[in-house]
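One structure is given here, and the rest of the page talks about it.
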Amino acid sequence: MDKLLELVFIPCPGMGHLIPMLETATRLASHDPRVSITFLVMKLSSDTKIDLYTRSMASALGQRVMVQYLPQQDEPVANNPIEYLIKLVESHKPDVIDAVRDLPRVSAFVVDMMCGTMMDVARSIGVPSYVFFPSNASSLSLLFYLQEMHDRYGKCLTEYADSSDMLDFPSFVNPLPAKVLPSVMIIKELMDIGLGWTREFKESKGMLVNTFVELEAASIKYLSDLDVPPIYPIGPIVRSKTVESNSTSSPGGSHAEIFKWLDNQPDSSVLLLCFGSIGSFCKDQVKEISIALENTGYRFLWSLKQPPNDTDVNIPDDYPSFDGILPEGFLERTVGMGKVIGWAPQAEILAHRSVGGFISHCGWNSILESMWFGVPIATWSLYSEQQFNAFLMVKELGLSVEIRIDYNLNFNPMLVQAEDIEKGIREVMKEEGETRKRVKEMSEAGKKALQEHGSSNMSLEKFIHDVIDATSC
Ligand SMILES: *[C@@H]1O[C@H](CO)[C@@H](O)[C@H](O)[C@H]1NC(C)=O
Ligand SMILES: *[C@@H]1O[C@H](CO)[C@@H](O)[C@H](O)[C@H]1NC(C)=O
Ligand SMILES: *[C@@H]1O[C@H](CO)[C@@H](O)[C@H](O)[C@H]1NC(C)=O
Ligand SMILES: *[C@@H]1O[C@H](CO)[C@@H](O)[C@H](O)[C@H]1NC(C)=O
């Protein structure tokens, strides 16, 4: 009889990490009847989106992916979001032990990159662990590179944070500005955490990475030549379901109204502006964006959110209304031409035929989504990891245009001027642009990677095979 695989997935409680992990779980279980998965979620009292999302996935999940919430613990006290997460993970270890005790024989753990210490639990019950890395191979290779520089050669990594050096990095064509290195490795308060994560990766049996060979051949090759566990490029994993916003007072209209409006626009004519769950702007910046939109005259859909008042843990919320936020008369002048909305179902909007360009903060999930739907991006990077993404997208891969890459670790970037935004808008909306062509090609390549005998399809098959091998001795 064929072996049954019982996998335990431990995601990090943030949508950007949880979604690709749950999509992967679903894909694994629906692909192979021998696989069943228990998906253990740490719940934050402040976050309702995770709940809505897992519920919206319920019908796709079937019986072989069980989403189980761990008991809620006291909210940890921490100085920054990363430290908060570390403490949260630690506090849930006993709950994972309890949850696993009730399961039939577990074959392996799959833990999010930020939950590496959960491998302790796997070890304690003699089960192998794999790491789920929701970002791409380039950033993974940088983590390994920096850890090696530090641990083996005694390099002081924090020097990079203030450096204007350009680094030659083995798997990149262009020199990389030191300041866009992953902040978790070069900021003093975070460095030990980043190093700890990376050392944990090396203790795993292998790493599932949300990328595909056709996109990142050089970095994947680089990783496979390192003395690190095997890499399984299994992407592009993009969300298949959108979380319905449950707020009754969404400014700018309900989702039905948004899509009705999109339905009435010509093909590839609308610019989407959406800055992810952590992106919000001060009033002066909102004004610069408004001016650029009016000046360029393109149709637009703009997801505009309120800055949180405690940036450590909170994420931006919808404005109750845009009164006093947008410049005087902006909404009236742009009636028919564009819409300002609150929280946006980004993937569904990008999938709409009328969307032709996207201004994004360039988180990896957003990049993959826009690529999946063949929509070119103008990069507007808010934080350092995203600056690195933008560097790769613009310089290395030619898959997006640049509004401005802010090589600045300061969490309060300077004002981006309307002219710079306008330039980016015109560039990304260009009908016959080279970027648009490249994005379409990569979109095709990504879809092929997931089909039968495609690179990521084979890689996921290999993962299943390797786990079975590892458990059969
Ligand atoms: C939205 O919220 C209400 C009340 O908080 C709840 O009863 C309802 O089930 C929620 N809708 C969805 C789609 O979850
Ligand atoms: C913080 O946010 C809450 C809820 O959105 C709001 O009621 C409160 O006024 C804000 N506090 C400050 C200091 O802005
Ligand atoms: C890889 O991910 C990083 C961080 O999430 C991102 O900045 C970068 O653009 C991504 N790589 C590519 C090839 O886009
Ligand atoms: C590979 O592709 C085939 C054909 O689409 C599909 O049936 C199978 O489930 C895929 N395998 C994985 C591991 O996703």
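We count residues from 1, following the sequence as given. Each ligand, and each atom within it, is numbered from 1 in the order the structure gives.
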Flag, side chain of Ser459 to backbone of Ser456, donor-acceptor distance under 3.5 Å: no
Whether Phe172 and Phe169 hold their rings parallel, tilted or perpendicular, with breakpoints at 30° and 60°: tilted
N/O contact list for ligand 4, threshold under 3.5 Å:
| from | atom 1 | to | atom 2 | distance (Å) |
| --- | --- | --- | --- | --- |
| ligand 4 | 2 (O) | Glu452 | N | 3.4 |
| ligand 4 | 2 (O) | Asn457 | ND2 | 2.2 |
| ligand 4 | 9 (O) | His31 | ND1 | 2.6 |
| ligand 4 | 11 (N) | His31 | ND1 | 3.1 |
| ligand 4 | 11 (N) | Asn457 | ND2 | 3.1 |
| ligand 4 | 11 (N) | Glu461 | OE2 | 3.2 |

Parallel, tilted or perpendicular: rings of His352 and Phe259 (30°, 60°): tilted
Sidechain-backbone polar pair: Arg64 side chain, Val35 backbone, donor-acceptor under 3.5 Å: yes
All N/O donor-acceptor pairs, side-chain side in residues 5-22, below 3.5 Å, sequence neighbours left out:
| from | atom 1 | to | atom 2 | distance (Å) |
| --- | --- | --- | --- | --- |
| Glu6 | OE1 | Ser36 | OG | 2.9 |
| Glu6 | OE2 | Thr38 | OG1 | 3.1 |
| His17 | ND1 | Asp112 | OD1 | 2.9 |
| His17 | ND1 | Asp112 | OD2 | 3.2 |

Derivation of the side-chain hydrogen bond (donor to acceptor under 3.5 Å, both in side chains) call for Gln346 and Ser366: CA-CA 8 Å; Gln346 180 177 294; Ser366 295; 3.1 Å; yes
